[in-house]
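Every chain is numbered from 1, with letters handed out A, B, ... down the list of sequences.
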Amino acid sequence: MILVNKNTKVLVQGATGKMGASHTKRMVAYGTQIVAGVTPARGGSKVPGTEIPVYDTVKEAMDATGATASVIFVPPYLVLDAASEAIDAGISLLVVITEGIPPQDTAKLVAHARAKGVKMIGPNCPGIITPTEALLGILPGSIFKKGPVGMVSKSGTLTYEIALSLSDANLGQSTCVGVGGDPVKGMEYPEVLTMFENDPETEVIVLIGEIGGSAEEEAAEFIKANIKKPVVAYIAGQTAPPGKRMGHAGAIISGGKGTAESKMKALKAANIEVALTPREVAEKVAKLIKQPVTK
Amino acid sequence: MDLYEYEAKRIFAEFGIKVPPSARITKPDGLRTVHLGYPLTLKCQVLSGGRGKAGGIQFAKDLKEGEAIAEKLLAMTIKDSKTESVLCEPKVSIAKEMYLAVTLDRSRGCPVFIAAADGGIEIESNDKIVTMPITFPYSSFQGRKIAKAMGLNGALHSKVADIANKLYRLYEELDLDLAEINPLVVTAGEDVLALDGKMTVNDDAMGRQERFNGWADKHMADLPERERRSKKAGLNLVELDGNIGIMCNGAGLTMATMDMVKNFGGNPGNFLDAGGGSDSEKTLQGLEIINDNPEVKVILLNILGGITACDEVATALVEFMKRHPERKMIVRLRGNNQDVAEKMLAASGTKLYPDLEDAVKAAVAASK
């Protein structure tokens, strides 16, 4: 497993909002150690429907609870400020779920996080799950099973679909990381791939990409040079027309660049197995697993 | 949101970047009150590129010729973009044409200057382009740096550095995805002018840019009707030429579903991402929009409930099928409250496919 486990102490920024509160409850129900909520001017209260204390500032919450990770649910225009507060307070891991953040804010945030050595996942991402240990984000926990497959993905529901295929085939996951579908983001494929490479519990890595940008092509080069564990890739958007934004802010073929074809070609050239359907991902992974896991 | 040239130029002027004097007309006889002298440049105000090549920029030697040209230009549509108005400017005598832009570089994760000291217009095929990452916090030396990287010296270096700094400032202040001056010209009198400009406002930032309040409608005029309806409903629609209507929750899953349709021998008619956590009303709107596409033979609905509750989707589906009992539907629902949804849909006789591949195959078969 990577990034999070059952001992990770987590605070939630925006835990008193509607979405923040409902997902905080779900994360707690999954077994995640949610130790604090942070909402300015709400210090002293509890996260609605729970006994989790709310603090005015991230600093207070960290001092009182020892939290090292923050999950951010605050509205888009407040994310840059909220995340900067967490970085300033000394947080180690930031998971930004919020969608619709103006990209110039994200660029400033990413520069800040990198300068301070803070690991940042997202924005516009489903979060991270280490099955049976911890869930930071909005992923539906029941779909995931514990096992040897590490997953890294730009997408939310497509990750669930592929996790479902894997779990149905009894291929559990070590950790699944949704890096998000925005053009500018915190962690990119190479950082997550390196963590899986160094994680003794991960045997096979699944990389889920989509059209737009060149992150998958760069990942292919990176894998060829640095990753010894087998990788199975899936790229969404083979039928996407050029010049149209396909839902995610980053999913657009522009000036003939960022096509699924180019990404699949680059991955295959790096000897990476490319699956054409979610089920085929599971079939290819099954062949690469040394010790099939049993229920 | 893309801006028209005249809107971009007003913003340039406001931020202290020099532009030629100009007047905008919406009727040919509007030219009678334009006193900029002749020869006069007349330019179609459209949101598409390739305007010059399409004949959207013309020169008039007098009022009579100007009115005839204006009439022609006002009736033009260039690459699906209807002429909104015509911008008139005195013809500028050009000594040098340059290119200067600020945009976000996704692989570097930061804004960049893109510039060229020679030529503009066909910037994509220009081999003298320089790109410079912009670092935070922004400081004026970055304008001097890009002007130097363009190979400029002396007074021209100072002028272009100043324009670059102003361009970055407006890019940041107005939350733009792109601020482009093309061409940035040096006149015979050694003035540096933004002769044409392009700006794209980031869609996600529209809510905090008060000056653009209410602009979205006008700037969506060129979008096809169903795409415009989707945008207003907060749905993401891209139409294709196939006959299988597709609606899913989540962009990646929607693309993957389209790809599977194609791989199993069908033709996707659209991409429609209902987004995470869509309620029944939004789902119903989405289904109606797909249903209005005359090419669509069958609708494939694929919902994997994470945030989205299956019973919310089922509520929309029951209502939709009441309205359109003849519509062929293939429904895949899995996730939160799936059992409730199943009961609701069983009452209306809809078969549910828990497996995505089975659902896609059924949709392809129904489309033949």
Side-chain angles (χ1 to χ4, degrees), chain A residues 19 23 76-77 99-108 110-112 114 126 138-140 142-143 153-162 164-165 181 183-185 188 208 210-215 218 234 236-241 244-251 255 260 276-279, chain B residues 104-111 124 134-137 171-172 175-177 202-209 236 238-240 242 248-264 267-268 271-273 275-277 302-308 334-336 355-357 360:
Chain A
M19 191 177 167
H23 284 291
Y77 300 159
E99 180 177 1
I101 302 169
Q104 292 199 39
D105 282 9
T106 309
K108 286 172 188 157
V110 167
H112 191 186
R114 283 183 192 159
I138 59 174
L139 305 105
S142 61
I143 283 175
S153 171
K154 276 185 182 174
S155 162
T157 43
L158 178 56
T159 309
Y160 314 160
E161 185 73 51
I162 291 174
L164 199 60
S165 288
V184 177
K185 54 175 85 73
E188 299 271 4
I208 304 162
E210 64 188 23
I211 55 157
S214 56
E218 286 153 24
Y234 178 88
Q238 298 157 52
T239 46
K244 296 279 186 180
R245 181 178 139 169
M246 307 298 277
H248 288 154
L276 290 175
T277 66
R279 188 181 288 165
Chain B
L104 194 70
D105 183 319
R106 56 188 291 171
S107 58
R108 289 185 175 97
C110 67
E124 272 146 25
I134 290 167
T135 52
F136 304 119
Y171 162 87
E172 185 183 43
D175 271 314
L176 304 184
D177 285 336
N202 182 258
D203 288 331
D204 286 327
M206 288 285 280
R208 69 180 183 189
Q209 289 292 341
N236 215 302
V238 176
E239 290 201 331
L240 301 154
C248 311
N249 59 330
L253 186 60
T254 314
M255 282 190 272
T257 306
M258 286 165 55
D259 295 349
M260 283 172 77
V261 162
K262 188 88 182 173
N263 283 331
F264 288 118
N267 270 313
F271 164 99
L272 200 157
D273 169 20
N302 174 22
I303 303 290
L304 184 58
I307 325 178
T308 309
R334 196 163 162 176
N336 248 342
D355 182 74
L356 177 55
E357 254 177 56
V360 169

Q) If you count heavy-atom pairs under 4.5 Å between each of A:Ser155, A:Pro183, A:Ser165 and chain B, which one has the most? A) A:Pro183
Q) Given side chains that start at C-beta, do those of B:Asn267 and B:Lys262 come closer than 4.5 Å, heavy atoms only? A) yes
Q) chain A heavy atoms under 4.5 Å from B:Met260: which part of the residue, side chain, backbone, both or neither? A) side chain
**Q.** Nearest non-hydrogen partners of B:Phe271 and B:Ala251, listed with the distance
**A.** CE1-O, 3.8 Å
Q.
Under 4.5 Å from any heavy atom of chain B, what part of A:Ala111 do you find: side chain, backbone, both or neither?
A. side chain
Q | Residue among A:Ala240, A:Pro103, A:Pro76, A:Pro241 with most heavy-atom pairs under 4.5 Å to chain B | A | A:Pro103
Q. So which of B:Arg108, B:Glu172, B:Met206 has the largest heavy-atom pair count under 4.5 angstrom toward chain A?
A. B:Glu172
Q) Given that the side chain runs from C-beta out, which part of A:Glu161 has a heavy atom under 4.5 Å from chain B: side chain, backbone, both or neither? A) both
Q) Is it the backbone or the side chain of B:Asp204 that comes under 4.5 Å from a heavy atom of chain A, or both, or neither? A) both
(Q) Please classify the contact between A:Lys108 and chain B as side chain, backbone, both or neither, with a heavy-atom cut-off of under 4.5 Å. (A) both
Q.
What I'd like to find out is whether the side chain of A:Met19 reaches to under 4.5 Å of the side chain of A:Ile138, using heavy atoms alone.
A. yes
Q) Which of the residues B:Pro111, B:Gly242, B:Gly207 is involved in the greatest number of heavy-atom pairs with chain A at under 4.5 angstrom? A) B:Gly207
(Q) I'd like to know if the side chain of B:Asp273 and the backbone of B:Asn236 have a donor-acceptor N/O pair within less than 3.5 Å. (A) no
(Q) Check whether B:Asn302 reaches the backbone of B:Thr254 with its side chain - one donor and one acceptor, N or O, closer than 3.5 Å. (A) no
Q: Look only at the side chain of B:Asp105 and the backbone of B:Cys110, and say whether a donor-acceptor pair between them is shorter than 3.5 Å.
A: no
Q.
At a heavy-atom distance under 4.5 Å, which candidate from A:Gly250, A:Ser214, A:Ala260, A:Ser153 has the highest pair count against chain B?
A. A:Gly250
(Q) Looking only at heavy atoms and a cut-off of under 4.5 Å, which of A:Ser142, A:Gly181, A:Gly213 has the most pairs with chain B? (A) A:Gly213
(Q) Can you tell me which portion of B:Asp175 sits under 4.5 Å from chain A's heavy atoms? Options are side chain, backbone, both or neither. (A) both
Q. What are the two closest non-hydrogen atoms of B:Met255 and A:Thr239, and how far apart are they?
A. O-OG1, 4.5 Å
Q: Could you tell me which portion of B:Asn202 (side chain, backbone, both or neither) has an atom closer than 4.5 angstrom to a non-hydrogen atom of chain A?
A: side chain
Q.
Strictly below 4.0 Å, N to O, side chains only: are A:Lys154 and A:Glu210 in salt-bridge contact?
A. no
Q. Between A:Ile101, A:Asp105, A:Ile143, which has the largest tally of heavy atom pairs under 4.5 Å with chain B?
A. A:Asp105
Q. Does the side chain to side chain contact (heavy atoms under 4.5 Å, CB included) test come out yes or no for B:Phe136 and A:His112, once each step is laid out?
A. CA-CA 9 Å; B:Phe136 304 119; A:His112 191 186; over 6 Å; no
